[in-house]
Every structure is written in structure tokens, then in C-alpha cells.
There are 2 protein chains.
Amino acid sequence: MNHETIKIACSDCNMRELCMPVGLTDDELDRIDGIIGSRRKIKRGERVFHNGDRFTNLYAIRTGFFKTCITSEDGRDQVTGFQMAGEIIGLDGIVHDQHTCDAVALEDGEICAMPFAQIENLSREVNALQHHVHKIMSREIVREHGVMLLLGSMRAEERLAAFLLNLAQRLHARGFSQSELVLRMTREEIGSFLGLKLETISRTFSKFVDDGIVEVKQRHVHILNTDALQDIVNPK
Amino acid sequence: MNHETIKIACSDCNMRELCMPVGLTDDELDRIDGIIGSRRKIKRGERVFHNGDRFTNLYAIRTGFFKTCITSEDGRDQVTGFQMAGEIIGLDGIVHDQHTCDAVALEDGEICAMPFAQIENLSREVNALQHHVHKIMSREIVREHGVMLLLGSMRAEERLAAFLLNLAQRLHARGFSQSELVLRMTREEIGSFLGLKLETISRTFSKFVDDGIVEVKQRHVHILNTDALQDIVNPK
DNA sequence: CGGGACGTTGACGGTCGTCAAAATTAGTGG
DNA sequence: CCACTAATTTTGACGACCGTCAACGTCCCG
């Protein structure tokens, strides 16, 4: 193991409001700090975990941008999500003590490894932590319902519009601009997530530009008309 | 409330291996019995819960066949899953104390309501229950990853073949035939789940019949060639 | 027996995938 | 810093797949 690891505390982490339950006592917070095993730097392209890896940790993203993807037997690939600071990855591994997807860094970043056995131990004593873990898993289930709606019933323009609005909203919640965003993934990865081919992503971007809804320079996207995007997602 | 409710015990339930962790002591099993609030009969078409309902219970299906579906603002509908005996529904409600989908019975059945607050209480003391709850949620996340792969990358024939194999396998695990199944849902509901229109479902069934892979009489499906279905899902 | 829900089939068109080529950018090593 | 190669993106032409619309058939239940 040549990963750089640093001992760190949630209490110092500016992502705490995103990862952690609110209203903890100092004592509870200290105890949660104790289960954060290590902070690990991840380089672009590096995998946090891989399909088939033994499951031991959940990972909280401190910085950076990640994707999770599954590969079917015959080599089909599906991006199941893009994750950013404050989000938790690895929940797929619990059921069979083994990860069923890959988590890959799309840019350099840092993650906190949290041994799941310790999370279970501590959540028996800290009710807020227990409920928080349940909420995180439930949130992921609800998020995936939304993706199923997108994949099952939306057309290409609707999918891309929904995708851009979702990204912008999540970045905004982290203090970034609501209208300026930098895509950390390729057109192919967007396409894989949205169930479309990269050419369709490219064409749809071009159409949005023609319609004056966004400006696109490479991976820099400037949303000029949020309402128009919203109307595309939810045609009245 | 005019729902018929019956006090019931997990220890008597023949679905126990499916709902419950294994290796519990008698004492632990008794305590889990204690949180099963009521057994409720559900008629075909009746809703177990509805989008917007306050979340208080998870529900274990004892008998019957159910669907869960979400509706978007503009009225789009997406079936997010079909559930049968031994499966748990309601996990979507945890994150916001409110259900975000509908659960509807596709045939008469019985469910066990399990107050989630009591599940949390007891799982602080019974480790096997705690871990079981985590596994159930993780299993649902992994299942949805599979649906995303299906919706994102498969063609109509592949989707329907995967759907039939999945149903047959789950029914087989419950002691039913591996090759004979009765669909409890309409073509439209299958289509909604698979991201296809009902006409496409009907046409694809017809094609499978022409190819000698299945026999279809209404909702009765006889799988004649499982390998052929498998080859459709996973073309080599 | 009649009405309504459900299912099947056909014709046609639109959306998006496929294939190909060119343009632009990023990455690498000299 | 520059040259060169690989990776990514854009755009076009064409066709396949599936959606839409319509008509008809079947089953179920009162």
C-alpha cells in the first residue's frame, strides 16, 4: 500500500454538514471521529474500489469527483452515478460483503475510509448516527428511482436537461455557481449514465447552444436559461 | 380504518427465511415478533402506501404481488419494481419521513406492518437484525443498479428476456416452477418497468413465441428454452 | 349478453444508434 | 517549448428500433 493516508477528524471537516447528522453532542462527535480510519488521496483514474473487492469500508468523499459503474458479463458498461464532496460511496458492498461496482476518481481528490463494522458498532449507541446511516441508504434508493424514471421515460433532450440541472443544483449546494459548471466526465460517460451514445450527447449539447439555453466550451458549461431547461424536463 | 388486521408472529411465518436474519436465538426471535404490529389483508388495486404519505412502517409481504411506482410532476409514470412474498417495501420513506412512491397490490395479498422506529430500537440490541436491515437496503440499491443497466443499455428483446428470467428465478426460490409463470401485471406495467411501450412488449412476446422460446397464453408464460433467453440477455 | 379492460397486429414516422471523417484538445517525450 | 500521438468531440449520412396511431380481437365480469 503506497496510498498516502492522513489521520483526520470529522470535527474539522468542512463537509461535515453533508456527511454527518446534525445536533450531535461533542462526545458523540468525538466518537465518530474515532472511526474515520484514514484520509486517502486519490488520483484521477484511480479506483477507490473495484467490482469483486471485499467490502470493509464506506467512503466519504472530501474533495474530488467520482463515478460508480457496473459492468455486465458481456462487457456492457453502465455508469450508475456521479458523486462529489460530502457524498458516500460503497453502500453496494454491504449485502454480499463484496463490492458489485467500480468507483473511479474523475479528478484528483480525497476520501475518508470508514470501516463499516465500526459504523455498525457505534450506531448501536449513537441513535443519530444509526438514523443517519438509514437515511443515507434510503436517499440512494430514492435517487435511483429518479434515474429509473429518467432512463425509462425521458427523451434525449429531457435526460440531458435533467442531468445538467441536477449537477448545477448539487454544486450550488456546495457553494459553487448555480449557472457555471465544469464537467469532470467525458461525453461518453455522460452518455453511459443517461443511456445514450456519446454522439447523441454531443448533438444535444449543440442543440441547446443553438437554442441559446447554454454556452458550452469543452467541459465548461454556462447555463443561460435555467427555466428553459426546466421546461424541457417537465413539458407542461 | 376498516382494514382487517391480525396479530401474527414471524416465528410462525413460512416466509421467515426470506425476511429475517438466520441464526437468531429464541429470545431474539420473540422480540422481533413483538414489533410486527399487524397483519393486513390487501385487495387487488389497493394501495399499501402512497406518494406523500407519512412514513412510519416498513412492510413485509406475506402473500401477493405488488408494484411500486413513482409519478413525475408532469404525470409521467414509472414502475420501479415488482415485489413478491418475503420482500420488503417502504424503504424509500426513511430519508424524508415521507413516502415518495406508491405501492399497489396487483393481486389480493397480506402484508406485515413493521413500525420503523421499533426496528431501529431493536436493531440497537440485536446485532443480527441491525445488519439484516443494512443488507436489505443494500440489496435494493444493487437491484436498482441492475435495472439501470437494463434501462440504459439493453434493447427491447434483451430487457424482456432479462425480466422473464428474473421473475422465474425469484418464483423458483419460493418453490414455484422455474418455467411456468403467471404474470400478475399488465403489458403496460411491464412496459413501464422496462422503459418500453405496451405494444413493444406485446410484439416482443410474439417474437419469442415465433422463435419457440416461450409459450404465452394471456398472462400465463411457459419458458421453453431458458438458455435461449439467457443468450438474448448476454449475447456472446 | 354486453361493455370495458386488456392484448395483438399493422403501417408509418421519429428518435437515436451506427459508421465515418474531420476538428479540436490533451498528453507525452524529446 | 514544441512536435507528435492519442483521446475526445463534433458533425453528417443513413438506417434500425421502437413509439404512435389505429383497428381489431379476446377475455372477464356484472
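Proteins get letters first, then strands, A, B, ... in listed order; numbering begins at 1 in each.
The neighbour count for Glu188(A) CD, taken as heavy atoms of other residues, nucleotides or ligands under 6.0 Å away, does not exceed 12. Within 6.0 Å of CD in Gln178(A) there are 12 or fewer heavy atoms belonging to other residues, nucleotides or ligands.
Among Val147(A), Leu150(A), Thr204(A), the single residue meeting the side chain to side chain contact (heavy atoms under 4.5 Å, CB included) criterion with Arg159(A) is Leu150(A).
Across all strands, Arg44(A) comes closer than 4.0 Å only to sugar-phosphate atoms, never to a base (heavy-atom distances). Gly191(A) comes within 4.0 angstrom of no nucleic acid atom, judged by non-hydrogen atoms across all strands.
In the model, His145(B) has a side-chain atom that pairs as donor or acceptor with a side-chain atom of Glu144(A) under 3.5 Å. At a cut-off of 3.5 Å, with distance as the only test, no side-chain donor of Ser192(A) or Asp77(A) sits close to an acceptor on the other residue.
Between Phe82(B) and Phe193(B), a ring centre-to-centre spacing shorter than 6.0 Å is recorded.
Straight-line distance from the CD atom of Glu158(B) to the C1' atom of dC18(D): 14 Å, rounded to whole Å. In this structure, Leu160(B) places its CG atom 14 Å from C1' of dC18(D), rounding to the nearest Å.
Closest heavy-atom contact between His99(B) and His50(B): CB-O, 3.6 Å. Counting all heavy atoms, side chain and backbone alike, Arg40(B) lies closest to Glu46(B) at NH2-OE2, 3.8 Å.
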In B/S/- notation, 5' to 3', how is nucleotides 5-16 of chain D contacted by protein heavy atoms closer than 4.0 Å? ---SSBBBB---
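Of all nucleotides in DNA chain C having an atom under 4.0 Å from a heavy atom of chain B, the first and last in 5' to 3' order are dC6(C) to dA11(C).
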